[in-house]
Every structure is written in C-alpha cells, then in structure tokens.
Amino acid sequence: MSGHDRKRDPEAPRADDQPGNFVAELVEQELAQGALPRRLMTRFPPEPNGYLHIGHAKSIALNFGLATLSKDGVCNLRFDDTNPETESTEFVESIQNDVRWLGFDWGERLYYASDYFDQLYAWAEQLIAKGLAYVDVRSEEAIREARGDFHRPGVAGPERDRSPEENLALFRKMRDGGFEEGEAVLRAKIDLASKDVKLRDPLMYRIKKVPHHRTGTKWCIYPMYDWAHGQSDAIEGVTHSICTLEFVNHHALYDWFLAALEIPEPPRQIEFGKLNLSYTVLSKRRLQRLVNEGHVRGWDDPRLATLAGLRRRGYPAEAIVAFCERIGVSRNDGVVDIGLLEHEVREHLNAHAPRRMGVVRPLKVVLENYPEGQVEQVELANHPMDPSMGTRTVPFSRELWIERDDWMDEPPKQWFRLGPGREVRLRGAAIVRCTEVVRDADGVVQELRCHWDPESKGGNAADGRKVKGTIHWLSATHAAPCEMRLYERLFADENPNAAEPDFLAALNPESLEITQGFVEPSLKDAAAGARVQLERLGYFVLDTHDSRPEHLVLNRTIGLKDGWAKIAAKL
RNA sequence: UCCGGCGUCGUUCAAGGGUAGGACAGCGGACUUUGAAUCCGCGAAUCGUGGUUCGAAUCCACGCGCCGGAACCA
C-alpha cells in the first residue's frame, strides 16, 4: 500500500508534482515537533444509510493516508449509527466491502457510535448535574420558534431554569419510555443569544421508539450527531477528526461538549473541502432518486459514481485512490473535472489491461482470394510495452468481422482506414484492399469484398510499401458473440445540480447503448470482472453480474482517446 | 440581511515578503502494426480598490463574489 504513503521530510520543499494537502502538512509538522499527546489516530465515520460514492473515497483516502504518516498511526472505521430510522446492516456490509475494495484496512478497529450509548448517557447525566443540560418538553415547533433566526436571538423558556434534580428525573423518564416521541428532548445549556445558531441550546437527545440495528429495543432515546460524534472520537482516542466543510458550523459545538466534559487532550476537528465532480451527482438524495425512479439499474449501475457502480464499470480501485491523491486537499469548495478521474483510469488500465480484439458494430469482410476453410493462428502481444504479459494466438480466416466505423464510403484524404479501393493493415495479420462494396436496396453497406495480400504475413508488405492504417478484426467463424454495454456520462450537463427544473433534466439520453458485437474466443475463459483493452476501442470489463461464458457481457469502462474525432471535427 | 468559510491558468493543487510552478484539459509537432501509449514544444491565472514595503498572491483596510448555517438528519 505504498501508494497511500505520503511520508516525506516536512522540512523538504514540496516536489512540483505533489498536490497540496494542508491536513497532512499539519500532521507532519505536529509529528516532527512531537506535539501529539498520543498515537496518531483518525477515523472514517460513515452513517450506514446509503452506499459509498467517490466523494467518500476522498475522505477514506485522506483518513487512512494520514494514519500512515506515523509508524504507529491508525485509522478506525466507525459507523455513525445514531439514527435507527434510516440505518441498516445492509449498508454496514456494503460500506465495509467498499472500503476494503479500495485497499484500506482498519484491522480490529471496527467501531459503532452505538457502542458508546451507555457512556454517552452517563455523560449526559453528568452535564445535567453540572447544570449544563436540561430537558425541554415543548413541541418541536415551539422550540424552533424560541430559537430565533439569523436576525433574532433566541428567547429562554421557563424549563431552562429547572433544577438539575428535576432535569435528571425528566431525563430518566425519557430514557424509560415515559414520554412519547416528540414530547421531550435533552438540550445543552449554552447560549440562546449566540450569533452561532448552532450554539442556541442544541439538542442532545430525542425520543425515537424505533429498534436499532445493533442495540435493538434497549434504547428509545438516541443521541444527536453533535453529541455523539466528538465524544465517540474522544472515547476512541482519535487525535484528528477530519470532516467536510459543512461541519465548520459545528466546530464550536464540537469543542464545547469536550470542554464541558473536561476531556483531557481532546480530539481536534479539521474541515476540508469535499469532492464535487463535473457531470456527476453525489448527494445521497439525488442518488436515491436515480435508483428509485429507475433512471439507472440500481446502486451499482456502472453510470453511477457509487463505488459499487464504478467497480462494476471497471474502474480500478488503484485509479480511484490515485485520483483522490492527485486532486489534493484544501478548503476550497471546487468542482473537479471528471476528465481527471478518467485520466487516472486510463493511466492505470493502459499499464495493466491485457490487449484483446473485439468489434462493437460488426461489418463483414470476405477475403476473395483467401482459401476457403483455411485457418491460421496469428500470434499477438498481450501488451505492446510489457513483454512479461506474454502473447496469445488469434485465428485468422477468409471471413472476418471488422468495425463498421473503420469503413467510410467517401473518405477524405486524412482518413487512413478502409474505403473503396483503399488498403489497410489487419493488425498483426495481413494487408488487404477493398475491391467491392455489397449494399442492400437502401444502399447500406452489407459486406466488403477485399483482396488479401499473401505476401504480407504479419502485416508487413513484401515490397516495403507503407500502409498507414491498422484496424482490428476477428475471424467470423471463431469470434464469440458478446453483448456490449457502451456507457457514456450519465449527465449531459457539466453541472447537473443546476439544471432546471431539477437535475434529472440534465440526464444524458445516450448514457447507455447496447450492441451485439464479437470478441476473440479467448475472452470466454476470462473471469468475471476481468479488465481488458479492446484495441483501438477502449477498456472493457466482463460484467460481474450478467456475463457468462456462453453469453458474454462487456461493459465499456472508458473509451480510448480518439485522435480521429479531433481531426474529423476540424474537417 | 446576522454568523462562519472560501477567492491563483479552462479545472485542480502549489509558491514560510523576493523570477507565480505542477498536473489534467487545450493547441502544435515527432514517433507509431492501437489515429492509443510515449516524447518534445506552446498558450494560459493572483476577485477589485487603496495602503504598508526597495519589493505583495502572501501583510493591513474597505469593497465584491461564491459556498455553508436558523433539522427532534449526518
């Protein structure tokens, strides 16, 4: 996992190509100065109420990466399960699976905020005894009204002055089920006139007569985020509690609770700018709509930026982590160009994906002068730059499939693929010239007749003439049929969140195209989830759900950069 | 409008008062049995106005813009 290791000399100047990470710099400095009160500890604290997406990956990479800065640093996985209404073990499992897939290991340190419910409760009684918390029995509306707003300070009610004894009795009644939901809450007694609205006597506990996925029916009161989070950090010994910018508004409250409990050497909250990605939607609510309303085929739809979706799409975990490190960490609230993610995916796949041939839109080619029934085996490298990946053989015969896009009726001079009378190289096999075009009644090309140059075995002309174009091909009698799922970006608009009337208006109607193509027979032996490059087309992955040897399904992870498209655009 | 956060190439991240740099994207070229990859090159930015200073992206002041905050969500 050396890729996650950011360790470097804090005194050394930053290398030009190392992205900034102000949190890592801060921690490195503290480490160098011996300023930490205990061993370095971070945590990744998801709420188990949804699937992880690439925004979470940034947080995961940050937290687990920070832990590697110190030899005994650790990062905990802690489920922030304080709201039983929305949480479930289904998500607990998918989240662990996704974090593990990214390549991170929390060891034995799997925790739940619900593990701390007893301690939290005891602490709450302590605050009540100190006169720092009280039970409020007014309605939700009444409490909100009395809290004021941005321009109006809150006003205190009579319950604020109740004695600790009365509050303790009321709180125990809450715990014991003596109140119905909504009838009472425990609030911290801070400052109803604070400019910081979060400090206007925030709620610590509310009543929910709902069973919890781990504590069952033991509790009917559940702690709020602000009351649970910092205290959970303190219990575990977390040194740096990293969260996103929307929690800046909670920072003072985070510190207040720890101070009120007189926690020595309290954890420190540090906020960073979360990831936003162009052409992508990451909010839980919007992801939910896409799934529930059937705009995609589920949480792991390859068009979604969920980790499950990206995985099924064929994005390597290493590329996602590399991306998270590439974008850096700051307090800016920016939108990262999805092209950067795609770059990291191509970079990883270019190095690691074995090459294969496949056609997405088949066009039949018959080599008129190639002997009927003859088959020869062509040996091809699995990777052009990495001989260690070996070679494979591909059958070649009289009838072939080529890519329909490699044919043009009236090609411009810049075109060096196939056209009437044009010559092209079949990758690794031979040179052929188009001699006849067979069309149907509508003029649509049905088949190409080509002349095969027997003196061009392997693709080199015996007379030394240059052939500029090389295209991929498949022996029609040997090729394996394959369902091709061609994915594009889910949204056509760079910022779907700004679309009117809502983000759904920005959906790309062509985000999925399915074709019936062919691939080399060798793909029938490939494992589900295997990633390959179909030469000249892009990177593909055997679909983990639907692909079987007798019915291959390939998902296009991402296309290769298309230099011809740029030329064509300028014609 | 009150509180808080943030403003640097198209995007993202740098530059402890001293030549504004990298990556991605873009553009141009070389190479190429993947129009890929690779290699070489080019263009491109300090929100504004004042101030301090020999010197300001950096310090100060005042503006402007964007984001977050008034959940019994996290």
Side-chain angles (χ1 to χ4, degrees), chain A residues 13-22 45-47 49-50 80-83 85-87 136 139-140 143-144 147-154 181-187 194-200 203-208 221-222 224-226 228-229 243-252 271 273 278 284 326-344 346-347 350-351 355 357 380-381 384-385 414-417 425-429 431 458-460 467-472 533-538 559-568:
Chain A
R14 174 199 314 287
D16 264 351
D17 65 344
Q18 180 171 11
N21 180 335
F22 78 97
E47 183 187 13
N49 71 345
D80 220 335
D81 55 351
T82 58
N83 186 354
E85 274 170 348
T86 58
E87 297 155 4
D136 197 330
S139 71
E140 186 175 345
I143 290 175
R144 190 177 325 174
R147 189 154 38 218
D149 57 33
F150 294 155
H151 312 291
R152 196 163 41 95
E181 286 190 21
E183 286 184 348
V185 293
L186 184 72
R187 303 177 70 181
S194 175
K195 299 274 195 192
D196 181 350
V197 185
K198 278 275 180 282
L199 257 23
R200 318 242 268 226
L203 270 55
M204 295 169 65
Y205 278 97
R206 78 291 216 193
I207 297 167
K208 280 184 190 294
I221 59 172
Y222 292 96
M224 301 289 290
Y225 166 84
D226 289 300
H229 203 88
C243 62
T244 54
L245 243 25
E246 58 262 42
F247 291 93
V248 171
N249 297 305
H250 300 239
H251 197 135
E271 309 88 9
S278 62
K284 212 168 266 182
R326 262 249 142 279
I327 58 178
V329 180
S330 75
R331 285 171 73 94
N332 290 342
D333 184 22
V335 181
V336 176
D337 186 345
I338 196 169
L340 188 50
L341 207 213
E342 295 173 339
H343 165 78
E344 294 293 346
R346 286 196 184 99
E347 179 144 292
N350 178 50
R355 268 86 238 243
M357 291 196 290
L380 289 172
M385 310 298 280
Q414 293 92 334
W415 176 263
F416 39 84
R417 278 119 92 163
R425 173 167 38 240
L426 299 177
R427 164 129 242 216
I431 294 170
N460 285 313
V467 174
K468 187 82 171 148
T470 301
I471 65 173
H472 55 279
Q533 182 197 98
L534 293 187
E535 292 207 39
R536 305 208 310 127
L537 292 178
L560 253 25
K561 282 206 250 177
D562 189 349
W564 165 250
K566 287 184 187 176
I567 296 167

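Here is how names work: the chains are called A, B, and so on, in the same order as the sequence lines, proteins then strands, and each is numbered from 1.
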#### Entry: Rounded distance (Å) that lies between atom C1' of B:rC67 and atom CZ of A:Arg331
12 Å

### Task
Using whole Å, report how far CG of A:Asp149 lies from P of B:rG69.
15 Å

### Message
Using a heavy-atom cut-off of 4.0 Å across all strands, would you classify A:Gly538 as base, sugar-phosphate, or nothing?
### Response
nothing

### Message
What's the closest nucleotide to the side chain of A:Arg427 if the choices are B:rU34, B:rU12, B:rC67?
### Response
B:rU34

### Query
Can you name the closest pair of heavy atoms from A:Glu47 and A:Thr86 and give their distance?
OE2-OG1, 3.4 Å

### Message
From NZ of A:Lys561 over to P of B:rC39, roughly how many Å is that when rounded to an integer?
### Response
11 Å

### Query
With a 4.0 Å cut-off on heavy atoms, is A:Gly334 in touch with a base, just the backbone sugar-phosphate, or nothing at all?
sugar-phosphate

### Task
State whether A:Arg536 places a side-chain N or O below 4.0 Å from either non-bridging phosphate oxygen (OP1 or OP2) of B:rA36.
no

### Task
With the side chain of A:Pro384 defined as its heavy atoms from C-beta on, choose the nearest nucleotide among B:rA36, B:rU12, B:rU33.
B:rA36

### Message
Less than 4.0 angstrom between a side-chain N/O of A:Ser330 and OP1 or OP2 of B:rC13, yes or no?
### Response
yes

### Rounded distance in Å between the C1' positions of B:rG43 and B:rU34
30 Å

### Message
Reading RNA chain B from 5' onward, which residue's closest nucleotide shows up sooner: A:Gln414 or A:Asp196?
### Response
A:Asp196

### Message
Rounded to whole Å, how long is the line connecting atom CZ of A:Arg417 with atom P of B:rU33?
### Response
16 Å

Between protein and nucleic acid, restricted to nucleotides 72-74 of chain B and to nitrogen or oxygen atoms under 3.5 Å apart, what atom pairs and distances do you find?
residue : atom : partner  : partner atom : Å
B:rC72  : OP2  : A:Arg147 : NH2          : 3.2
B:rC72  : N4   : A:Glu140 : N            : 3.2
B:rC72  : N4   : A:Gly182 : O            : 3.2
B:rC73  : OP2  : A:Arg206 : NE           : 3.0
B:rC73  : OP2  : A:Arg206 : NH2          : 2.8
B:rC73  : OP2  : A:Lys208 : NZ           : 3.4
B:rC73  : O3'  : A:Arg206 : NH2          : 3.2
B:rC73  : O2'  : A:Asn83  : ND2          : 3.4
B:rA74  : OP1  : A:Thr82  : OG1          : 2.7
B:rA74  : OP1  : A:Arg206 : NH2          : 2.9
B:rA74  : OP2  : A:Tyr225 : N            : 2.9
B:rA74  : O4'  : A:Glu47  : OE1          : 3.4
B:rA74  : O3'  : A:Asp80  : OD2          : 3.2
B:rA74  : N6   : A:His250 : NE2          : 3.0

### Message
Looking at A:Lys195, I'd like to know whether one of its side-chain N or O atoms comes within less than 4.0 Å of OP1 or OP2 on B:rG4.
### Response
no

### Between B:rC62 and B:rC72 - P atom distance, rounded Å
36 Å

### Message
Rounding to an integer number of Å, can you tell me how far A:Asp337 CG sits from B:rU11 P?
### Response
10 Å

#### Entry: side chain to side chain contact (heavy atoms under 4.5 Å, CB included) involving A:Asn332 - partner list, sequence neighbours excluded
A:Ser330

### Query
What is the nucleic acid contact for A:Val467, judged by heavy atoms within less than 4.0 Å: base, sugar-phosphate only, or nothing?
nothing

### Message
Could you tell me how far B:rU19 sits from B:rA45 if I compare only their C1' atoms? Round to whole Å.
### Response
16 Å

### Query
Roughly how far apart, to the nearest Å, are B:rA57 and B:rG17 at atom P?
13 Å

### Task
Determine the contact category for A:Phe416: base if any of its heavy atoms lies under 4.0 Å from a base atom, sugar-phosphate if only primed atoms, P, OP1 or OP2 are that close, otherwise nothing.
base

### Query
Taking all non-hydrogen atoms of both residues, which atom of A:Leu380 and which atom of A:Met357 are closest, and how far apart?
CD1-CE, 3.7 Å

### Message
To check you understand the geometry: which heavy-atom pair defines the closest contact between A:Asn460 and A:Ile431, and what is its length?
### Response
C-CD1, 4.2 Å

### Query
Does A:Lys566 place a side-chain N or O at less than 4.0 Å from the phosphate oxygens OP1/OP2 of B:rG26?
yes

### Query
Taking C-beta and beyond as the side chain, do A:Phe150 and A:Val197 meet within less than 4.5 Å on heavy atoms?
yes

### Query
So, is A:Asn21 near the phosphate of B:rC13, with a side-chain N or O under 4.0 Å from OP1 or OP2?
no

#### Entry: Rounded P spacing from B:rG41 to B:rA15 in Å
26 Å

### Task
Write down the atom of A:Glu271, the atom of A:Phe22, and the distance for their closest heavy-atom approach.
O-CZ, 3.2 Å

#### Entry: Closest contact, heavy atoms only, A:Val467 versus A:Arg425
O-NH2, 2.9 Å

### Task
Let me know the distance between CG of A:Asp562 and P of B:rA37, rounded to the nearest Å.
11 Å

### Task
Specify the separation, in whole Å, of atom CG of A:Leu380 and atom P of B:rA36.
20 Å

### Message
Restricting to non-hydrogen atoms, name the atom on A:Asn350 and the atom on A:Arg355 that form the minimum distance, rounded to 0.1 Å.
### Response
O-NH2, 2.7 Å

### Query
Does A:Arg346 have a side-chain nitrogen or oxygen under 4.0 Å from the phosphate oxygens OP1 or OP2 of B:rA36?
no

### Message
Does A:Leu537 reach a base, just sugar-phosphate, or nothing at all? Heavy atoms under 4.0 Å.
### Response
nothing

### Query
Hey, does A:Arg326 reach any base, or is it just sugar-phosphate, or nothing, if we go heavy atoms under 4.0 Å?
sugar-phosphate

### Query
Taking atom types as modelled, is there a side-chain donor on A:Arg427 or A:Thr470 under 3.5 Å from an acceptor on the other?
no

### Task
Output yes when at least one side-chain N/O atom of A:Asn332 is less than 4.0 Å from OP1 or OP2 of B:rC13, else no.
yes

### Message
Under a 3.5 Å distance rule, please check whether A:Arg200 uses its side chain to pair with a backbone N or O of A:Ser194 as donor and acceptor.
### Response
yes

### Query
Is A:Val185 close to A:Ile143 at the side-chain level, that is, under 4.5 Å between some pair of heavy atoms?
yes

## Note on the structure
RNA chain B nearest-nucleotide lookup for A:Arg355 and A:Val248: closer to the 5′ end is A:Val248

### Interatomic distance at P, B:rU52 relative to B:rC40, whole Å
47 Å

### Task
Using the C1' atom as the reference point in each nucleotide, state the distance between B:rA74 and B:rG68 in Å, no decimals.
15 Å

### Query
Is there a side-chain contact between A:Asn83 and A:Arg206 (heavy atoms, below 4.5 Å)?
yes

### Query
Does RNA chain B take part in any stems of at least 3 consecutive Watson-Crick or G-U pairs (both distances under 3.5 Å), and if so, which ones?
B:2-7 with B:64-69, B:10-13 with B:21-24, B:26-30 with B:38-42, B:47-51 with B:59-63

### Message
What's A:Leu340 touching, base or sugar-phosphate or nothing? Going by heavy atoms closer than 4.0 Å.
### Response
sugar-phosphate

### Pairwise P distance, B:rG55 and B:rC67 [rounded to whole Å]
38 Å

### Task
Provide, to the nearest angstrom, the distance between the CD1 atom belonging to A:Ile327 and the P atom belonging to B:rC13.
8 Å

